[in-house]
Amino acid sequence: MTVPVRTRFAPSPTGYMHIGGMRTALFCWLWARHNAGTFILRIDDTDQQRHVEEALEPIFRAFRWLGLNWDEGPDIGGPFGPYYQSQRSHLYKDAVEKLLAAGFAYRDFDTPEQIAADRQAAEAAKQNYVTIRRSLELSPQQQADLTGQGKPSVVRLLVPRDKKVAVDDAVRGHVEWDCALMPDPVLMRSDGSFLYNFATVVDDAQMQITHIIRAEEHLTNTAVQALLHDALGNPRPVFAHIPFITAPGSNKKLSKRDLQKLKNSPALKKMFDRADEILPQLGWGDSSTLNPVMVEYYERLGYLPAGILNALSRLGWSLDDKTEHLSLDTVIQNFTLDRIVKAPAGFDPEKLQSYQAYWMNQLPLEEKIAGCDKYLQRRQEVAVTNTPIDRQYLGRLITMLGERLRVFSDILDYPEFFLPAGAALTYDEKAFQQRLVTATEAPGLLKKVAELITVAEPFDAPTLDKTVHDFVVAEGIKIGQIVHALRIAVTGKAVGAGLFETLALLGRETCVERINATLARCG
RNA sequence: GGCCCCAUCGUCUAGAGGCCUAGGACAUCGGAUUUUCAGUCCGAGUACAGGGGUUCGAAUCCCCUUGGGGUCACCA
């Protein structure tokens, strides 16, 4: 009979969800789901921030957006609550008492200054620092007296210096540490509050967590935590330290703090730039408020959860030697700890784009329409305009755009399809010059072809295609001499979807009107 | 610096002694298709950090070196 799997993710209320943290959370969630187990959200708020609720919102939001549900957590409760560490002090207190009573921990009356001096002395002597444990020489009576006098003290774990701690990590294998080299960690501060490293152990045990899946930077903490579990008489959970994610073009941990450096990476630069182009149109800030380190960046820009999930799953994990496109269900079915890679994985925005493109392509048209519509509506709200958007028209546009549309907000790149009647186009000036000014014959040709377009019947892509090609033959010109001018005339742009489909979608009236406006502009 | 972890194409990865003259994907570069761009199709280049072992045989096991990283708080 195996114990049901229980995993947890314990974020701090920081006000945003880090993409790397999301990956860790995903792995925890995946392992729980793979084993039909339980996934728990626990809030590490021992810092006692004032606006925990507010700072938590983006985190919940990220989980909900990606569809990673939790079975127990701060908002829904559960049998092992509360799920805020700040509300669990009584448990930590009990545990400290227990450790003290059993002689596994002791009160240390040394001041922080004293400890710092010890540390410096050891360093100066080029010796490994371990706690001096002066307070251990105090008799129980002396200790009581000191406490009575109001002398502050902390509680430290009495590290068994004659031992080694060994952990069989599910991804790293056997790892061991020599206790003789470890300082005694503080469990409880002099003000009676508790340290993360201790609270975590108490919580993990009380919540009956079976697998601790977390980022590699916690590996060193594991020695103390394992010791603590032993001292508390807890069965040890399985530890699985997954590699962290590194910033593009770097081998350092991807962190929000190095944001300025991140901007120097060309791949990320693009993402920052994109944020500055799109977000302001939607009233959602810009790259200074949302950046690619944050999950919310992707949500706001209209990435698909499937794309993000696929990319995150493949960062440090793989199904086999060729499968790249994985649905969440497929990953759940196949996710095992032993297939987690040990080496750190670099976050690659380009690859994320490609996953995103794949999943966008898989999406049924109806869903693409709904997704894009949301962005168009939002932009109108922000701009305080209200031009009704026909869903069928939008559907035709989306189909025509094909894979040019990678994320929903990409639809905002095509405002020329949503202009109110008579509104002026924004021209790509360079292209305009090249195709309609430098090419001196262009306006004349454009004028002639406009006459044909005016009477083309029916006004659809095949007919227009034929009309223009016949025109080219009749005039004895090359197709390139008219097609570019025509595109700029009706869209203002040098590139875009198929020209004849574009004309057809825009409709006769708009095309003629825009060609005339362009001609007028040529002078 | 101590301790710990890690090491296959530029990047994500496959590889658990012979299936590897190292496979896939992204990116890059060609070519084809096309009115442009995106895409699509075809093709190319690019990797086992180095050195010692073990073995008939090593990307795979062991050791050393080198390199990178993490962590060393009364932070989380």
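Chain letters run A, B, ... following the sequence lines, proteins first and then strands; every chain starts at 1. Everything quoted here is computed from the prediction, not taken from an experiment.
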Proximity to the side chain of [X] - top-ranked nucleotide from [options]:
{"X": "A/Trp177", "options": "B/C3, B/U35, B/U71", "value": "B/C3"}
{"X": "A/Val483", "options": "B/U35, B/U71, B/U36", "value": "B/U35"}
{"X": "A/Arg314", "options": "B/G24, B/U11, B/A38", "value": "B/G24"}
{"X": "A/Arg172", "options": "B/C6, B/U35, B/C74", "value": "B/C6"}
{"X": "A/His484", "options": "B/C75, B/U36, B/C37", "value": "B/U36"}
{"X": "A/Arg119", "options": "B/A73, B/U35, B/C37", "value": "B/A73"}
{"X": "A/Pro344", "options": "B/C3, B/C6, B/C37", "value": "B/C6"}
{"X": "A/Lys252", "options": "B/U13, B/A76, B/G69", "value": "B/G69"}
{"X": "A/Glu403", "options": "B/C3, B/G39, B/G70", "value": "B/G39"}
{"X": "A/Ala345", "options": "B/C12, B/G69, B/C37", "value": "B/C12"}

[atom1]-based separation of [M] from [N] [nearest Å]:
{"N": "B/U13", "M": "B/C6", "atom1": "C1'", "result": "16 Å"}
{"N": "B/C26", "M": "B/A47", "atom1": "C1'", "result": "16 Å"}
{"N": "B/U35", "M": "B/A44", "atom1": "C1'", "result": "29 Å"}
{"N": "B/G68", "M": "B/U28", "atom1": "C1'", "result": "25 Å"}
{"N": "B/U54", "M": "B/C62", "atom1": "P", "result": "15 Å"}
{"N": "B/A7", "M": "B/C12", "atom1": "P", "result": "12 Å"}
{"N": "B/A22", "M": "B/C29", "atom1": "C1'", "result": "22 Å"}
{"N": "B/U21", "M": "B/U60", "atom1": "P", "result": "14 Å"}

Across all strands, who's sitting opposite [N] as a Watson-Crick or G-U wobble pair, both distances under 3.5 Å?
{"N": "B/U55", "answer": "none"}
{"N": "B/C41", "answer": "B/G31"}
{"N": "B/U21", "answer": "none"}
{"N": "B/G2", "answer": "B/U71"}
{"N": "B/C48", "answer": "none"}

Euclidean distance, atom [atom1] of residue [X] to atom [atom2] of [N] [Å, nearest integer]:
{"X": "A/Arg23", "N": "B/U13", "atom1": "CZ", "atom2": "P", "value": "8 Å"}
{"X": "A/Asp321", "N": "B/C19", "atom1": "CG", "atom2": "P", "value": "15 Å"}
{"X": "A/Ile340", "N": "B/C12", "atom1": "CD1", "atom2": "P", "value": "16 Å"}
{"X": "A/Asn361", "N": "B/A38", "atom1": "CG", "atom2": "P", "value": "16 Å"}
{"X": "A/Asp44", "N": "B/C75", "atom1": "CG", "atom2": "C1'", "value": "11 Å"}
{"X": "A/Lys342", "N": "B/U13", "atom1": "NZ", "atom2": "P", "value": "14 Å"}
{"X": "A/Lys322", "N": "B/A25", "atom1": "NZ", "atom2": "P", "value": "10 Å"}
{"X": "A/Phe347", "N": "B/C26", "atom1": "CZ", "atom2": "C1'", "value": "13 Å"}

Would you indicate what [X] reaches in the nucleic acid, counting non-hydrogen atoms under 4.0 angstrom: base, sugar-phosphate, or nothing?
{"X": "A/His325", "value": "nothing"}
{"X": "A/Gly249", "value": "nothing"}
{"X": "A/Arg214", "value": "nothing"}
{"X": "A/Leu195", "value": "sugar-phosphate"}
{"X": "A/Gln353", "value": "nothing"}
{"X": "A/Ser354", "value": "sugar-phosphate"}
{"X": "A/Phe244", "value": "sugar-phosphate"}
{"X": "A/Asp178", "value": "nothing"}
{"X": "A/Leu315", "value": "sugar-phosphate"}
{"X": "A/Ala497", "value": "base"}
{"X": "A/Val154", "value": "base"}
{"X": "A/Gly346", "value": "sugar-phosphate"}
{"X": "A/Arg435", "value": "nothing"}
{"X": "A/Val341", "value": "sugar-phosphate"}

Item to check | Closest-nucleotide 5' rank along RNA chain B - winner of A/Asp110 and A/Arg406 | outcome: A/Arg406

Checklist outcome for this item: Whichever of A/Pro243 and A/Gly173 has the more 5' nearest nucleotide on RNA chain B, that residue is A/Gly173

So, does the side chain of [X] form a donor-acceptor pair with the base of [N] at under 3.5 Å?
{"X": "A/Arg487", "N": "B/U35", "result": "yes"}
{"X": "A/Glu324", "N": "B/G24", "result": "yes"}
{"X": "A/Lys351", "N": "B/A25", "result": "yes"}
{"X": "A/Thr220", "N": "B/C72", "result": "no"}

Relative to the ring of [Y], is the ring of [X] parallel (under 30°), tilted (30 to 60°) or perpendicular (over 60°)?
{"X": "A/His18", "Y": "A/Tyr16", "value": "tilted"}
{"X": "A/His325", "Y": "A/Trp359", "value": "perpendicular"}
{"X": "A/His218", "Y": "A/Tyr196", "value": "tilted"}

Next on the checklist: Regarding A/Arg161 and A/Thr131, do their side chains bring together a donor and an acceptor under 3.5 Å, going by distance alone?
Outcome noted: no

Checklist entry - Side chains of A/Ser318 and A/Arg339: donor-acceptor distance under 3.5 Å anywhere? => result yes

Checklist entry - B/G68 phosphate, OP1 or OP2: any side-chain N/O from A/Asn251 under 4.0 angstrom? => result no

Next on the checklist: Under a 3.5 Å distance rule, please check whether A/Thr438 uses its side chain to pair with a backbone N or O of A/Gln433 as donor and acceptor.
Outcome noted: yes

Checklist entry - Under the 3.5 angstrom rule, does the side chain of A/Tyr375 hit a backbone N or O of A/Gly302 as a donor-acceptor pair? => result yes

Checklist entry - A/Phe27 ring centre to A/Arg23 NZ or CZ under 6.0 Å, with the angle to the axis within 45°? => result yes

Next on the checklist: As a quick check of understanding, evaluate salt bridge (charged side-chain N to carboxylate O under 4.0 Å, His left out) for A/Lys493 and A/Asp428, giving each step before the final call.
Outcome noted: CA-CA 5 Å; A/Lys493 293 177 178 170; A/Asp428 174 338; over 6 Å; no

Next on the checklist: Does this structure show an ion pair linking A/Lys270 with A/Glu277, if we count only N-O contacts that are shorter than 4.0 Å?
Outcome noted: no

